[in-house]
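Reviewing the structure listed below.
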Amino acid sequence: MTTPTQNSNLFNAIRAAFPDDLSAVAVEADNGKTYSWADLDEQSAQMANLLASLNLPAGSRVAVQVEKSVEAMMLYLATLRAGLVFLPLNTAYQSAEMAYFIGNAEPGVLVCTTKNLPWVNELAKAAGTQHVWTLDDNQTGTLLELAKAQSPVHTPVVSASEELAAILYTSGTTGRSKGAMLSHGNLLSNAQTLKNYWGWQHGDVLIHALPIFHVHGLFVAIHGALLNGSKMIWLSKFDPKVVLAHLPKATVFMGVPTLYVRLLGEAGLTREATQNMRLFVAGSAPLLTETFKEWQDRTGHTILERYGMSETGMLTSNPYALDDRYAESERRGGTVGFPLPGVTLRVQDDEGATLGVDEIGGIQVKGPNVFQGYWRMPEKTAEEFTSDGYFKTGDVGKVDARGYVQIVGRAKDLIISGGYNVYPAEIESFMNDLPGVAESALVGVPHPDFGEVGVAVVIAKPGADLQADALISALKSQVANFKVPKKCFVLNELPRNAMGKVQKNLLRDQYKGLFQV
Ligand code: MLC
Ligand code: AMP
């Protein structure tokens, strides 16, 4: 790696955007606490000094599985400052899932809740992790106790643009989860692009209602507000009534489609309630055109839908204002808009031929936001790139004559439920290991709240008496709750084609009406 001539540490750019008045409120949390810009600076400096005091090798991972809190966000900033690699983990992951992540990432530091400490300690021991700290969502834990003793002044480590800032685990269609390695340059370029494209402006206030262990809440939302020196209204959990109550004080809201569906369920969602708002952004899963239209009717606002993924950050976006690269630039429901400035996007067929207008194929992308590869998986990384350097997203779509990108499906066997990804292969492997199960299949079917949910079909071993409820209970103790199938059916056999492949399309068709109202 070359010696960096300038400091591309993402935190530097974030810190440079802090307002001159550091005593102003940066975060207003729903527990009644407020944090000034000076608080963010000094407390993240203390945590960064604590991390630095460990003298960990460059590139060490800081794995974090904690409830959402402002302190958890400061730990992210501290990790950037210290030049280490942030590795956020969904709080829903259970010990069996965590064992894989910890074993694979071999973090130098692990931060968990006090409640999980006993089993996390065991995992840390097995992975050779020396430092295990706790952080709870009530401003307690050993991390904060240790950080308090540190200096509130810290100069960010000099980082090259290609040095790693974060690893986000994203499951594979087959096999285990892969850690997508994101560099300071990946994250910063994407954040700056979005700041301009979405017209972030002085006085903006963001309602932050998403979890902070995935791209949407951690990068798109937090970077957006911080790089604009904007205040955040920090909600530890999404509650439509609480969001409604904060709308008059805010200008920007970001959510997965389920959040919009739930807000639409509130009678208080009116033009009046949203009149102070400048921008509603949706993404992480398809936004139904009904939701898009109903939102327009009820509030007068047009949701801006964008598309992205862990490996790439944001790739496309409907326009905020006129996009002079295109003749028409309105926000169109059912599309994910145009490739963001700096992103090159093309659609190819299975033979590698680039397709034309309205032709459906695999979406491939290139740009400064595209990740550095999968952690310790060079072969998997190579498989996901074309010979001319495009990343294969696994999404299927088309580009219309006006330049709008539309996603029509996924080549990857993936269910997106309420914005969380569920990989059938992973759940099927857990189900196949349950006593009495011969084989199983998981398919995604439409759901009015979560967009899509998993439905399981299970075949018993000869002589075994399987009960659907018992299977669901058994799964609940092994995998994150959002991955548990919402329904399970015990059948005599799985539908297969002449090649012996399970015909999931037939199962999807059979169960598509299960949750429809
Ligand atoms: C919760 N449950 C879910 C679920 N969330 N089931 C399916 N899918 C989900 N997403 C279930 C739980 O298992 C539980 O069931 C019951 O619902 C109540 O749990 P809860 O924790 O109280 O749920 P709730 O707080 O209502 O959460 C729903 C939600 C949450 C929509 C607010 O799922 C959420 O925050 N989703 C956002 C995910 C996100 O940020 N994605 C961005 C990924 S980044 P039981 O049976 O156990 O009681 C990405 C890239 C990009 O994709 O482009 O942005
Ligand atoms: P993740 O692995 O969590 O980063 O999820 C990324 C995937 O979410 C993408 O590959 C898409 O399949 C999906 N996705 C994100 N945004 C959208 C969107 N606006 N519409 C449809 N799918 C989306």
Could you tell me whether the side chain of [Y] reaches within less than 4.5 Å of the side chain of [X], counting heavy atoms only?
X: V347; Y: E359; answer: no
X: H184; Y: S161; answer: no
X: W234; Y: I207; answer: no
X: W133; Y: V109; answer: yes
X: L143; Y: M47; answer: yes
X: Y423; Y: L414; answer: yes
X: L77; Y: L226; answer: yes

Checklist line | D349 side-chain N/O to G352 backbone N/O, donor-acceptor pair under 3.5 Å | finding: yes
Check: Any salt bridge between R376 and E106, counting N to O under 4.0 Å?
Finding: yes
Note to self: Check K483 with E428, please: is the shortest side-chain N to carboxylate O separation under 4.0 Å?
What the structure shows: no
In terms of relative ring orientation, are [X] and [Y] parallel, tilted or perpendicular, with 30° and 60° separating the classes?
X: F515; Y: H447; answer: tilted
X: Y76; Y: F219; answer: tilted
X: Y260; Y: F253; answer: perpendicular
X: F280; Y: W295; answer: perpendicular

Checklist line | Among E311, E384, K380, side-chain hydrogen bond (donor to acceptor under 3.5 Å, both in side chains) partner for Y374 | finding: E311
Margin query: Just verifying a value: how many Å separate H216 NE2 and M254 CE, rounded to the nearest 0.5 Å?
Written below: 6.0 Å
Next item on the list: Could you tell me whether R346 sits above the aromatic face of Y390, with NZ or CZ closer than 6.0 angstrom to the six-membered ring centre and within 45 degrees of the axis?
Entry: yes
